[in-house]
Q: 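Right, I'll just put the structure down here and ask away after.
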There are 2 protein chains.
Amino acid sequence: MTTALTAKGRATRARIVESAAHVLREAGLAATLDDIRERSRTSKSQLFHYFPEGKDQLLLAVAQFEADRVLDDQQPHLGRLDTWEAWHNWRDAVVARYEAQGDTCPLGSLFQQIGRSTPGARAIVVELLRTWQEHLATGVRALRAGGLLPESYDVDGAAAAMLAGIQGGVSIMLATGRPEHLKASLDWNIARMREAAAVAP
Amino acid sequence: MTTALTAKGRATRARIVESAAHVLREAGLAATLDDIRERSRTSKSQLFHYFPEGKDQLLLAVAQFEADRVLDDQQPHLGRLDTWEAWHNWRDAVVARYEAQGDTCPLGSLFQQIGRSTPGARAIVVELLRTWQEHLATGVRALRAGGLLPESYDVDGAAAAMLAGIQGGVSIMLATGRPEHLKASLDWNIARMREAAAVAP
DNA sequence: CGTGATGTGGACCCGCCGGTCCAGCCACCG
DNA sequence: CGGTGGCTGGACCGGCGGGTCCACATCACG
């Protein structure tokens, strides 16, 4: 369908998505097509030219855009969790990223708006979470392979708990404005891993 | 302000709040005053009679209503976390509660809608989380007092991490439809506590 | 019973916002 | 240089939904 897009066209489309993402971060669900149109310096017709299926399609593109950023912002740490130092650096990166993001959750409000209705939104979130947890599990396995954790360590359980802790910490931060729970969760989970290391062979 | 409310008036008001909560669970942010009016078998004028400040005020009342239920649904377990058995019973109650709730988050969508704009919504969530964590901390202290955990155990860190894990597990469940992370988080956190118990004096 | 307050029904209003349409623009290609 | 096709501007529309208004019912109480 979207074959034949000149360079100019692609640039405009990208500008629309970025602007939409920006507006959505600020206004959340209150964001309107007119806000997006204004910020991207385009017109109504362009919005529907590039996203013929309307607002939902645009929001979906924004969701994908934001989802990609989530993991990118944690690199290069997330890809190299093979030492305790790396884990702590990653922890700092996560905290910094979400503190900078402040009290808006791009994916959260996006998901609220197009959640159950379209299957696409759920797929994006599922894929993001799956990849994220995969990275964490790989990191835990790297520690184990390096002799820093016992052979019997429950890798997937640890990764799942870690991911849940992050999500919860972020949720609470969005609701209360305070990052303490995010920090506490990360610190607590990492500390418990290091305890397992202390009794490791 | 709300002095002078006859028994009939109070009943109608309560019926409106309950109906609104029900509709919001199903429709989420798509819920309209007309849906609420229909379900509660009232009329537009009654909605504004009991909530003169409009929709936000009604949603706030619903938020309070839902927040109260969250902790009630965890009782009596949440108030008596003084044995390992009690902790596991509580864990089961939490999982059951959220599995029954399915993939809707009353407070979540409510907060999205009236979040930053009105201070009241944030206050409700903050208070809920504070009380919840307090209960957990009390439970951990009870274990410690019973000699099941070392004297030096980080009570508040454990409680904060546990709460974050629950929130994250629920968030993920809402997004993906699967309760695995909620269970994994609870189980992992409780198991780590029991490990500390194993080396306790 | 009468009377004033409280409770109730529903028609109406109006601004907002997603979506449509068409006329004109500009870039590339022969 | 002309024309074809993607690109752009903006006026316009329709209905949805929060909010208003007023007439009427009902009830508490002396």
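What you see below is based on every heavy atom in this structure, not just the backbone, and it leaves out hydrogens, waters and symmetry mates. Note on naming: letters A, B, ... go to the chains in the order of the sequence lines (proteins, then strands), and numbering restarts at 1 for each one. In this text, all values refer to a predicted model and were calculated from it rather than measured experimentally.
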Q: For Gln57(B) and dG19(D), what is the distance between atoms CD and C1' respectively, to the nearest whole Å?
A: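 These atoms are roughly 14 Å apart.
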Q: What I want to check is whether the side chains of Gln133(B) and His181(A) have a donor and an acceptor closer together than 3.5 Å.
A: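 Distance-only check passes for Gln133(B) and His181(A).
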Q: Can you tell me how far C1' of dC16(C) sits from CZ of Arg37(A), to the nearest Å?
A: 14 Å
Q: Looking at dG18(C), dC27(D), dC7(D), which one has an atom nearest to any side-chain atom of Lys8(B)?
A: dC27(D)
Q: Taking CZ from Arg13(B) and C1' from dT6(C), how many angstroms apart are they, rounded to a whole number?
A: 15 Å
Q: Given dT8(D), is OP1 or OP2 found less than 4.0 Å from the side-chain N or O atoms of Tyr50(A)?
A: yes
Q: Give me the one residue out of Val70(B), Leu174(B), Asp73(B) that meets side-chain contact (heavy atoms from CB on, under 4.5 Å) with Tyr98(B).
A: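 Testing each of Val70(B), Leu174(B), Asp73(B) against Tyr98(B), the sole residue satisfying side-chain contact (heavy atoms from CB on, under 4.5 Å) is Val70(B).
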Q: Taking atom types as they are modelled, is there a donor-acceptor pair under 3.5 Å from the base of dG9(D) to the side chain of Lys44(A)?
A: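 Such a pair does not exist between side chain and base.
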Q: Indicate whether OP1 or OP2 belonging to dT20(C) is found under 4.0 Å from a side-chain N or O atom of Ser45(A).
A: no
Q: Between dA11(D) atom P and Asp34(A) atom CG, what is the distance in whole Å?
A: 12 Å
Q: Measure the distance from CG on Leu33(B) to P on dT20(D) and round it to the nearest whole Å.
A: 11 Å
Q: Can any side-chain N or O of Asn189(A) pair as donor or acceptor with the backbone N or O of Leu186(A) at less than 3.5 Å?
A: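 Checked: no pair found.
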Q: Under 4.0 Å between a side-chain N/O of Lys55(B) and OP1 or OP2 of dG18(D), yes or no?
A: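 It does, given that an N or O in the side chain of Lys55(B) lies less than 4.0 Å from OP1 or OP2 of dG18(D).
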Q: Could you work out, with side chain to side chain contact (heavy atoms under 4.5 Å, CB included) as the rule, every residue matching Asp56(A), not counting sequence neighbours?
A: Ile114(A), Thr118(A)
Q: Less than 4.0 angstrom between a side-chain N/O of Thr32(B) and OP1 or OP2 of dG18(D), yes or no?
A: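 It does, given that an N or O in the side chain of Thr32(B) lies less than 4.0 Å from OP1 or OP2 of dG18(D).
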Q: Please state how far atom CG in Asp35(B) lies from atom P in dG17(D), giving the value in whole angstrom units.
A: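 Spelled out: CG on Asp35(B) to P on dG17(D) is 8 Å.
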Q: Calculate the interatomic distance between Phe48(A) atom CZ and dC7(D) atom P; express it in whole Å.
A: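 Roughly 17 Å, once rounded to whole Å.
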Q: What is the separation between atom CG on Leu59(B) and atom C1' on dG17(D), rounded to the nearest whole Å?
A: 13 Å
Q: Does a nitrogen or oxygen in the side chain of Thr6(A) sit under 4.0 Å from OP1 or OP2 of dC7(D)?
A: yes
Q: When you measure from the side-chain N and O atoms of Gln46(B) to the phosphate of dT8(C), is any distance below 4.0 Å, counting only OP1 and OP2?
A: yes
Q: Flag this pair as yes if the NZ/CZ of Arg91(B) is under 6.0 angstrom from the six-membered ring centre of Trp87(B) and inside a 45 degree cone about the axis; otherwise no.
A: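 Output no; distance or angle outside limits.
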